[in-house]
Amino acid sequence: MDFIIRGALQAVKALYNTELNESDINLQETRKEFEGEATIVTFPLTRYSKKSPEQTGNEIGEYIKENFDQVGGFNVIKGFLNLSFTDSYLLSTFRNEIQNEQFGIFPSVGKKVMVEYSSPNTNKPLHLGHIRNNLLGYSVSEILAASGYDVVKANLVNDRGIHICKSMLAWQKFGKGETPESSGLKGDHLVGKYYVIFDKEYKKQIEELKASGETEEDAKKNAPLIKEAQQMLQKWEAGDEEVINLWKTMNGWVYAGFDITYNKLGVSFDKYYYESNTYLLGKDIIDEGLAKGVFVKKDDNSVWIDLTADGLDEKLVLRGDGTSVYITQDLGTAQLKYNDFKMDQSIYVVGNEQDYHFKVLFLILDKLGKAWAKGMYHLSYGMVDLPSGKMKSREGTVVDADDLIEEMVDTARKRTEELGKVEGFSEEEKKNLYRMIGLGALKYFLLKVEPKKRLLFDPNESIDFQGNTGPFIQYTHARICSVISKGGETDHSFDKIQDLSATERELILALSRYPATVEAAAKEYSPAQIANYSYDLAKLYNKFYHEEPILKAEDEDVRNFRLSLSASTATVIRKSMNLLGIEVPERM
RNA sequence: GCACCCAUAGCUCAGCUGGAUAGAGCAACGGUUUUCUAAACCGUCGGUCACUGGUUCGAAUCCAGUUGGGUGUACCA
């Protein structure tokens with residue numbers, strides 16, 4: 001469709017003797033209620049034509065129609081010039097572009113990008129918020145890979161710290177040697193159970209201390225359990241063998257549990273970083289910053305950066321006692337990642353409560369003169385809220401990832417059985433189908449919303465399987481596969497086709513938009529754009545399916561053409577759903 | 001207090017760099033199957049795009065302010 005812009009530029013030059021840039025031409029898709037496919041808005045051009053918008057539209061329309069045989073006609077309504085493509089142009093687009101093996105496949109851009117996502121704490125199982133994170137990270141990775149980037153998917157595991165010690169301590173005190181094997185509990189759930197127990201017992205102690213006259217603040221500090229946890233952390237940092245062994249054991253349980261969940265979600269990683277290895281990093285960067293005068297040392301030896309000139313605050317980057325804070329290790333880890341991969345871009349998929357942190361992090365790296373800091377991006381996403389408000393692990397008001405996945409698959413099974421759609425399926429095929437549909441519904445539900453918007457999830461209302469949903473799109477794919485398999489062997493040649501129906505035209509246009517959609521989604525790190533595109537395409541196909549006979553078409557070429565159109569639609573649906581990490585079945 | 005994000009139909013969401021009468025799905029109501037999968041299709045109903053002002057030929061979109069909601073502002077991570 002690029003030729004339209006060229007055509008408009010040529011027209012303006014020929015008619016009004018003015019050289020314009022591509023960005024001066026306002027091109028959009030023609031709205032459904034008007035005739036045509038492409039619309040040029042002529043209001044801005046009247047200052048060059050010195051004529052009314054209508055007259056300008058007519059003149060440019062006439063010029064384009066005369067000089068570009070892709071355009072068969074036009075109409076002008078107010079300041080809108082609507083151009084209609086010829087059927088032969090659309091057919092050649094279909095044949096030469098859409099049916100091409102390389103359609104929607106981008107050549108390598110020769111750039112490497114790291115996408116860090118998931119980054120869980122190893123003291124509790126994953127919940128719905130993590131699912132959103134994982135799906136976003138995975139999908140963005142796929143979209144970037146499809147756009148020609150070399151993608152490294154990274155997971156920075158938060159495997160140390162006081163919160164981990166809390167679970168360890170509670171297990172030591174109350175666990176009676178319970179293991180995943182002895183209890184039958186998934187490892188991450190078992191550890192999470194002790195994290196909750198710690199919190200319960202800790203709160204008890206706080207209440208007791210308050211009853212004996214301490215203030216809440218003191219009680220929180222003085223409760224024996226928290227002190228023990230702190231001691232345990234110190235022992236861990238000192239390399240105490242017993243603590244380290246316990247830590248290794250319990251983290252091992254958690255990793256085994258996470259692997260199962262990741263597997264079910266279909267996400268994966270190329271590189272794992274562990275905070276236990278990175279938490280001491282960053283001190284050399286502090287020295288570097290001091291030497292460069294970017295950081296300043298205060299009297300108590302703490303190190304700061306003054307960001308007030310950038311509208312931010314003064315920020316501590318190293319404690320007075322020389323130990324790290326969060327941002328210290330993040331600075332160090334950023335450098336480590338860069339040393340490891342020399343990537344051009346680095347994307348952090350992290351919730352929006354850390355917006356400020358990343359703003360500061362990137363700014364500091366930039367001030368330190370790290371050229372690669374320019375390629376850093378925080379893909380910030382909104383929290384997943386319940387109708388009751390925020391999810392809180394410690395209070396058990398979380399939607400557990402494993403539970404939710406299981407429920408979704410189970411709902412898929414029920415729905416499918418109600419519809420009686422699985423005759424001829426083996427048990428194995430059924431299981432796989434329910435998994436695909438359940439996860440498809442869940443993934444689509446989470447990914448169709450723009451990342452930065454917060455998301456409301458009501459556990460009492462099951463995620464839909466009809467309308468703008470994953471299963472709808474999956475169904476469309478299965479439906480196409482069914483038609484094609486019934487179509488039997490065919491050479492799919494349709495040389496005699498010359499005329500297209502309105503819906504066929506729309507479908508070709510929709511298909512032709514796929515590459516640009518992938519590009520836009522990559523540019524904005526937005527799986528939602530892919531989701532919306534897939535839905536529009538599926539909807540359009542269903543309309544086509546109802547309106548036009550395919551196998552029953554009387555003419556051989558028409559039948560072949562419609563089959564080809566169907567096949568291409570199925571391919572594009574499959575590709576775009578795969579970009580969301582969603583599989584599509586051939587039967588459902 | 002200050003900073004950042006959000007506000008579109010009863011509900012969940014689209015709406016590209018400003019462009020035509022703001023679009024989908026769900027819910028509600030009605031229709032479509034002797035015909036390729038009805039998880040579908042077609043139709044009806046539903047809106048002061050939070051509010052006010054500004055810029056513009058033109059604003060849901062840009063700017064300022066107001067209201068409401070969220071998050072952050074720790075020598076926590």
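Each chain gets a letter, A, B and so on, in the order the sequences are listed, and its residues count up from 1. The basis for the numbers below is simple: all heavy atoms, side chains too, and nothing from hydrogens, waters or symmetry mates.
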Subject >> Mutual orientation of the aromatic rings belonging to A:Tyr274 and A:Tyr272 [parallel < 30°, tilted 30-60°, perpendicular > 60°] >> reply: parallel
Min side-chain heavy-atom separation [X]-[Y] under 4.5 Å:
X	Y	result
A:Phe465	A:Thr411	yes
A:Lys166	A:Asp199	no
A:Phe494	A:Arg559	no

Length of the line joining [X]:[atom1] and [N]:[atom2], which is rounded to integer Å:
X	N	atom1	atom2	value
A:Tyr535	B:rA39	OH	C1'	12 Å
A:Lys32	B:rC42	NZ	P	9 Å
A:Lys543	B:rC41	NZ	P	11 Å
A:Asp458	B:rC26	CG	P	18 Å
A:Leu312	B:rC4	CG	P	9 Å
A:Leu81	B:rA20	CG	C1'	13 Å
A:Met588	B:rU37	CE	P	14 Å
A:His546	B:rG31	NE2	P	18 Å

Scan [X] against the nucleic acid and name what it touches under 4.0 Å (heavy atoms): base, sugar-phosphate only, or nothing.
X	value
A:Glu548	base
A:Thr476	nothing
A:Phe465	base
A:Thr39	base
A:Asn82	base
A:Pro53	nothing

Original post:
Phosphate oxygens OP1/OP2 of B:rA39: is one of them under 4.0 Å from a side-chain N or O of A:Lys421?
Top reply: yes
Original post:
According to a strict under-4.0 Å criterion, is A:Lys452 in side-chain N/O contact with OP1 or OP2 of B:rC4?
Top reply: no
**OP:** Return the 5'-most residue of the pair A:Asn542, A:Asp385 with respect to RNA chain B, ranking by each residue's nearest nucleotide.
**Re:** A:Asn542
Original post:
Does A:Pro44 or A:Arg415 map to a spot on RNA chain B nearer the 5' end, using the closest nucleotide for each?
Top reply: A:Pro44
What distance, rounded to whole Å, do you find between the two [atom1] atoms, one in [N] and one in [M]?
N	M	atom1	answer
B:rA20	B:rG70	P	34 Å
B:rU61	B:rU32	C1'	39 Å
B:rA7	B:rG15	P	11 Å
B:rC26	B:rU21	P	28 Å
B:rA24	B:rC45	P	13 Å
B:rC41	B:rG47	C1'	26 Å
B:rU8	B:rG68	C1'	16 Å
B:rC11	B:rA59	P	27 Å

Original post:
Between CG of A:Leu565 and CG of A:Leu511, what distance do you get to the nearest 0.5 Å?
Top reply: 6.0 Å
Original post:
With stacking defined as ring centroids separated by under 5.5 Å and planes differing by under 30°, is A:Phe43 stacked against B:rG58?
Top reply: no
Original post:
According to the 5.5 Å centroid and 30° plane-angle thresholds, does A:Phe80 stack upon the nucleobase of B:rG19?
Top reply: no
Donor-acceptor contact present, side-chain [X] to main-chain [Y], <3.5 Å:
X	Y	result
A:Glu519	A:Ser147	no
A:Thr215	A:Asp218	yes
A:Asn121	A:Asn123	no

Original post:
CD of A:Glu35: more than 12 outside heavy atoms within 6.0 angstrom?
Top reply: no
Subject >> Result of checking A:Asn251, A:Asn158, A:Asp159 against A:Ser276 for side-chain hydrogen bond (donor to acceptor under 3.5 Å, both in side chains) >> reply: A:Asp159
Original post:
What would the secondary structure line of RNA chain B be in dot-bracket form, counting Watson-Crick and G-U wobble pairs under 3.5 Å, with [ ] for pairs that cross earlier ones and | for pairs with another strand?
Top reply: (((((((..((((.....[...)))).(((((.......))))).....(((((..]....))))))))))))....
Subject >> Nearest listed nucleotide, side chain of A:Arg479, among B:rG19, B:rA39, B:rA38 >> reply: B:rA38
Listing time: all N or O pairs from protein to nucleotides 10-17 of chain B that are below 3.5 Å?
| residue | atom | partner | partner atom | Å |
| --- | --- | --- | --- | --- |
| B:rA14 | OP1 | A:Glu450 | N | 2.8 |
| B:rA14 | OP2 | A:Lys453 | NZ | 3.2 |

**OP:** Please say whether the positively charged group of A:Arg587, taken as NZ for Lys or CZ for Arg, lies over the ring of A:Phe425, i.e. under 6.0 angstrom from the six-membered ring centre and within 45 degrees of the axis.
**Re:** yes
**OP:** With A:Arg479 as the cation and A:Tyr545 as the aromatic partner, state whether NZ or CZ is under 6.0 Å from the six-membered ring centre and within 45° of the axis.
**Re:** yes
Subject >> Option among A:Met436, A:Arg574, A:Met577 that satisfies the side chain to side chain contact (heavy atoms under 4.5 Å, CB included) test with A:Ile582 >> reply: A:Met577
Original post:
Taking protein heavy atoms under 4.0 Å as touching, what does nucleotides 71-77 of chain B look like 5' to 3' if B marks base contact, S marks sugar-phosphate-only contact and - marks none?
Top reply: SSS-BSB
Original post:
Is A:Lys414 salt-bridged to A:Glu418, cutoff N-O under 4.0 Å?
Top reply: no
